[in-house]
A.B. asks: 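Mind looking over this structure? Questions follow.
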Amino acid sequence: MKKIGLVLSGGGVRGMAHLGILKALEEFGISFTHISGTSAGAIAGAFYAAGYSVEEIVTILKKSQIFNFSNFLIKKQGLFTMKGFEGLYQEHLNTFEDLKIPLYVAATDILKGELTYFSSGNLSQALLASSCIPVVFQPVSINNSLYVDGGILNNFPIEPLLGQCDILIGSYVNSIKKEVDQVHMNNIVDRSFHLAMKSSVQDKTNLCTLYIEPPNMSQFSLLSLKKADEIFEYGYQYARTLEPQIKALDLG
């Protein structure tokens, strides 16, 4: 049986599209032996690797309002802390070692200026680190270092799976509509960030056996939880259009 790896990008509430894509892939008979993710992709990947169904994950994320940061914000020393999220992860997840599928979580070590991949030990701490938006949240302290969002250095963490998997499937949920008449102020940072990282992501898409990037994802705000169902369905329907490519995969 061939080893099949899944790579999940960051993207805030757009990460719900990953779950729609996963639902479609399951319907085509695809299961995974390895997962790597950053930020929202790490969160979705962690719940999936723990054995939760796609439907269960959607319910948990919507009910917990995990992408509605206002529910979790605790002010401390001028910045917000991510402690509010910790209880949610601890309620549903244990350690990396308890996962049914090996998982790699990307986070940025802000002190060393380098990327770290967590794959053992405290899972909730790794998820907090991977999704810690800089400037908004206090960096997450792990083993005497400080971590922020993994997407800063790598929003498509394919590297841990290279050489481990026979088939690599990538899901990237930050496609940008190229021509727009105007950009609202609250979208400028988001658009600039993803335009800047697009070239580095593009170089890695060729390493994927199947690369899935639903178009115009920038129509959805990073934090627009009220559109969670719409984003999920958008990812699902797009993945269904890839039926010929998916069925052409040699799953062995």
Side-chain angles (χ1 to χ4, degrees), residues 3-26 30-62 64 66-67 85 88-108 115-132 147 149-151 153-162 164-165 167-174 201 204 208-214 217 228 231-232 235-236 239:
K3 294 181 179 178
I4 305 175
L6 176 66
V7 186
L8 301 171
S9 73
V13 75
R14 293 175 193 151
M16 298 298 288
H18 288 315
L19 297 171
I21 290 166
L22 272 168
K23 178 183 176 183
L25 292 173
E26 282 185 345
I30 295 178
S31 58
F32 297 94
T33 60
H34 298 75
I35 299 175
S36 179
T38 193
S39 200
I43 295 169
F47 280 94
Y48 195 74
Y52 289 96
S53 70
V54 167
E55 290 76 15
E56 287 172 331
I57 300 169
V58 170
T59 299
I60 290 169
L61 296 187
K62 285 173 57 183
S64 66
I66 195 168
F67 296 113
F85 294 90
L88 171 67
Y89 298 142
Q90 291 176 345
E91 178 184 352
H92 297 284
L93 303 168
N94 294 308
T95 66
F96 278 93
E97 288 75 16
D98 293 311
L99 297 175
K100 300 179 187 303
I101 303 172
L103 173 72
Y104 297 87
V105 171
T108 299
L115 198 69
T116 297
Y117 294 107
F118 293 98
S119 59
S120 62
N122 191 318
L123 179 55
S124 60
Q125 281 290 303
L127 294 177
L128 290 175
S130 183
S131 57
C132 181
Y147 293 89
D149 200 303
L153 290 182
N154 192 347
N155 204 31
F156 192 67
I158 195 172
E159 289 82 357
L161 305 188
L162 296 177
Q164 289 204 72
C165 301
I167 294 173
L168 288 172
I169 297 177
S171 177
Y172 185 77
V173 295
N174 298 294
V201 171
K204 292 188 280 189
C208 292
T209 318
L210 176 67
Y211 176 68
I212 302 173
E213 182 179 340
M217 285 296 293
I231 295 170
F232 173 88
Y236 171 73

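Just so it is clear, the model here is predicted, and its values are computed rather than measured.
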A.B. asks: Kindly give the heavy-atom pair with the smallest separation between Q164 and K3, and that separation in Å.
C.D. replies: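 Between these two residues, the closest heavy atoms are O-CD, 3.3 Å.
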
A.B. asks: Using side-chain contact (heavy atoms from CB on, under 4.5 Å) as the criterion, list what pairs up with S53, not counting sequence neighbours.
C.D. replies: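 So S53 forms a side-chain contact (heavy atoms from CB on, under 4.5 Å) with E55, E56.
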
A.B. asks: Would you confirm whether S39, through its side chain, and S131, through its main-chain N or O, come within 3.5 Å as a donor-acceptor pair?
C.D. replies: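 Not a single qualifying donor-acceptor pair exists.
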
A.B. asks: Could you tell me which non-hydrogen atom of Y89 sits nearest to which non-hydrogen atom of S124, and how far apart they are?
C.D. replies: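 Looking at all heavy atoms of both residues, the shortest contact is CB-CB, 3.5 Å.
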
A.B. asks: Okay, side chain of E213, backbone of V173: is any donor-acceptor separation there less than 3.5 Å?
C.D. replies: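 Here the side-chain-to-backbone pair does not exist.
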
A.B. asks: Which is it for Y172 and C208 under the side-chain contact (heavy atoms from CB on, under 4.5 Å) test, yes or no, and what are the steps along the way?
C.D. replies: CA-CA 12 Å; Y172 185 77; C208 292; over 6 Å; no

A.B. asks: Determine yes or no for a side-chain-to-main-chain donor-acceptor pair under 3.5 angstrom, with K23 supplying the side chain and V54 the backbone.
C.D. replies: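 Pair absent, no side-chain N/O of K23 close to backbone of V54.
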
A.B. asks: Within the side chain of T38, is there an N or O that forms a donor-acceptor pair under 3.5 Å with the backbone of G10?
C.D. replies: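 Such a contact is absent between T38 side chain and G10 backbone.
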
A.B. asks: Could you tell me which non-hydrogen atom of A40 sits nearest to which non-hydrogen atom of G11, and how far apart they are?
C.D. replies: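 Closest approach of A40 to G11, heavy atoms only: CB-N, 3.9 Å.
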
A.B. asks: Name all residues meeting the side-chain contact (heavy atoms from CB on, under 4.5 Å) criterion together with A46; count only those two or more places apart in sequence or in a different chain, and write none if there are none.
C.D. replies: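 Only L93, L103, L123, L127 meet the side-chain contact (heavy atoms from CB on, under 4.5 Å) criterion with A46.
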
A.B. asks: Closest heavy-atom contact between R14 and I231?
C.D. replies: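 Nearest heavy atoms, R14 then I231: O-CG2, 3.8 Å.
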
A.B. asks: Please check if the distance between the ring centroids of F47 and Y52 is under 6.0 Å.
C.D. replies: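 Close enough - the centres of the two rings lie under 6.0 Å apart.
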
A.B. asks: Are any non-hydrogen side-chain atoms of H18 and I57 less than 4.5 angstrom apart?
C.D. replies: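 No, side chains not in contact.
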
A.B. asks: Closest heavy-atom contact between I21 and S171?
C.D. replies: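 For I21 versus S171, the nearest heavy atoms are CD1-OG, 3.3 Å.
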
A.B. asks: Over all heavy atoms of both residues, which pair between A126 and V105 is shortest? Give the atoms and the distance, please.
C.D. replies: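 That would be O-CG1, 3.6 Å.
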
